[in-house]
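Quick note: numbers below take in every heavy atom, side chains included, and nothing from hydrogens, waters or symmetry partners. First listed ligand is number 1; within each ligand, the first listed atom is number 1.
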Amino acid sequence: MNAIAKKVIDIFKTDFSSIPQLYFSPGRINFIGEHIDYNDGFVMPAAINKGIYYAMALNNTDEINFNSVDFNEKLSIKISDIKKMTGWKNYVLGVVNEFQSPFYPWGEGKGLSEGFDCVFGGNIADGAGISSSAAVEGGLAFGINELLNFGLNRKELALLCQRAEHNFPGVMCGIMDQYANMFGKKDNVILLDCRSVEHEYFPLKLEGYEIVLINTKVHHSLASSEYNVRRKQCKQGLEVLKNEKGINSFRDIKTSDELMPFKEQMGNKVYDRCKYVVEEILRTQQASQLLQKNNLSEFGKLMFDTHEGLSKLYEVSCKELDFLVEKARENKDVIGSRMMGGGFGGCTINIIKKEGKEDFLTDATAAYQKKFKIEAEVIGVQIGDGTNEISI
Ligand code: GLA
């Protein structure tokens with residue numbers, strides 16, 4: 001058992017003097033398909049070997065006791081008092097609130113029959129774009145479902161976590177992160193169709209290459225508000241397409257040229273957002289063929305194209321991310337690089353030839369330090385399984 005899991009369990013035993021169950025809930029990477037999970041697109045995420053450990057046990061009271069190891073903060077609350085708060089509390093309470101919601105089949109007033117004690121902590125940084133939020137939500141939802149026998153399957157849990165994020169923190173996220181958190185499979189990429197919410201797996205063969213994340217260590221505060229703005233802009237654009245052309249989904253557009261006649265009606269910004277979405281949906285379909293055929297160099301070119309679109313048309317990048325991608329572009333051993341996740345900071349994802357890895361990382365991080373006076377963090381990741389119980 002690793003040091004973080006051990007720490008979480010030790011703290012639990014000290015705080016509550018009982019023996020907990022242990023769950024591991026991973027973060028995710030995404031190879032391609034960014035900001036299109038809420039636009040009926042395809043995405044290609046995978047769960048990683050970094051995430052959050054949850055130690056949990058029922059406590060036979062009407063109270064829930066949380067201890068966040070990473071934030072060094074505690075929260076005790078009666079089940080009947082669950083309400084919105086700020087920061088990490090909003091994420092865990094959002095999940096509990098969903099189990100209390102009349103929306104679910106067990107019906108009104110039949111949520112949690114008992115409280116629980118919970119200590120959690122991990123090794124994924126908040127704001128790094130590897131979805132610590134879905135990891136927080138997924139681990140807790142999985143634990144509650146197991147301990148209190150709600151009987152939800154993985155897809156239902158992913159959807160519950162997505163609703164939790166909409167309803168409490170108020171980020172109108174798509175389904176990608178929560179889905180990858182639940183359905184991750186070691187050494188496999190998930191190809192998720194966000195229209196049907198169905199997936200398939202394919203093994204990732206990286207012979208001679210490695211995936212490396214570089215964390216800019218910046219997280220601009222507009223990330224969640226701008227995220228919701230992007231969603232609205234896409235909706236507005238689709239509304240125009242519905243009214244004018246009877247098109248109900250960006251998926252039904254064959255080329256971004258089809259948008260041109262509506263540019264004036266949409267306005268420049270909305271048009272640019274829609275152009276990116278249509279191109280990214282097409283690009284991701286092409287990319288999935290290439291990755292399945294192991295054509296990494298062509299796949300990598302598409303990653304650069306995605307970055308360009310996210311930066312210029314969708315405008316969710318930032319100067320720090322653009323700088324790191326530019327460094328990658330200049331290096332012949334990096335075959336693909338782009339910003340990953342919601343944007344406005346966080347990580348770039350890079351596919352790098354093994355022999356050139358050290359040189360590139362040394363050069364890129366030194367140049368980044370010189371330019372921004374920030375020490376970028378290199379994060380090596382492996383593809384792992386989705387949220388699960390771990391025996392202790
Ligand atoms: C965040 C959201 C996801 C997805 C990505 C961008 O991670 O939670 O649903 O939209 O941004 O692809």
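- Taking hydrophobic clusters as Ile, Leu, Val, Met, Phe, Trp and Tyr residues chained together by side-chain heavy-atom distances below 4.5 Å, V171 shares a cluster with L159.
- The nearest heavy-atom contact from the protein to atom 7 (O) of ligand 1 is D177 OD2, 2.7 Å.
- Residues Y23 and Y54 place their aromatic rings such that the two centres sit no closer than 6.0 Å.
- Using a 4.0 Å cut-off between charged side-chain N and carboxylate O, K353 and D359 make no salt bridge.
- Close approach of ligand 1 to G341 (heavy-atom distance below 4.0 Å) involves ligand atoms 6 (C), 11 (O).
- In this structure, R28 counts as a contact residue of ligand 1, since one of its heavy atoms falls inside 4.0 Å of the ligand.
- In terms of N/O distances under 3.5 Å, ligand 1 is not approached by N30.
- Using a 4.0 Å cut-off between charged nitrogen and carboxylate oxygen, E315 and K269 count as a salt-bridge pair.
- At a cut-off of 3.5 Å, with distance as the only test, no side-chain donor of S68 or E73 sits close to an acceptor on the other residue.
- Ranking protein heavy atoms by distance to atom 5 (C) of ligand 1, first place goes to M176 CE, 3.9 Å.
- Near D37, meaning under 4.0 Å from one of its heavy atoms, ligand 1 places the atoms 3 (C), 4 (C), 9 (O), 10 (O).
- Those atoms of ligand 1 that come under 4.0 Å of a heavy atom in Y38, given as number and element, are 10 (O).
- Close N/O approach between G33 and ligand 1 is not found [any backbone or side-chain N/O within under 3.5 Å].
- In summary, the side chains of D62 and S80 do not present any donor paired with an acceptor at a separation below 3.5 Å, with no hydrogens or angles considered.
- Side-chain atoms of E63 and N59 include no donor-acceptor pair closer than 3.5 Å.
- Across D177 and A134, no two heavy atoms sit closer than the pair CB-CB, 3.6 Å.
- Distances below 4.0 Å separate heavy atoms of E34 from the following atoms of ligand 1: 6 (C), 12 (O).
- Each of the atoms 1 (C), 2 (C), 3 (C), 4 (C), 9 (O), 10 (O), 11 (O) of ligand 1 lies under 4.0 Å from some heavy atom of Y227.
- For the ligand labelled ligand 1, residue S131 lies outside the 4.0 Å heavy-atom shell.
- Residues E226 and R230 are paired through a salt bridge, judged by an N-O separation under 4.0 Å between the basic side chain and the carboxylate.
- Looking at ligand 1, you'll find an N or O of H35 within less than 3.5 Å of one of its N or O atoms.
- Of all the atoms in ligand 1, the ones that sit under 4.0 Å from a non-hydrogen atom of G174 are 9 (O).
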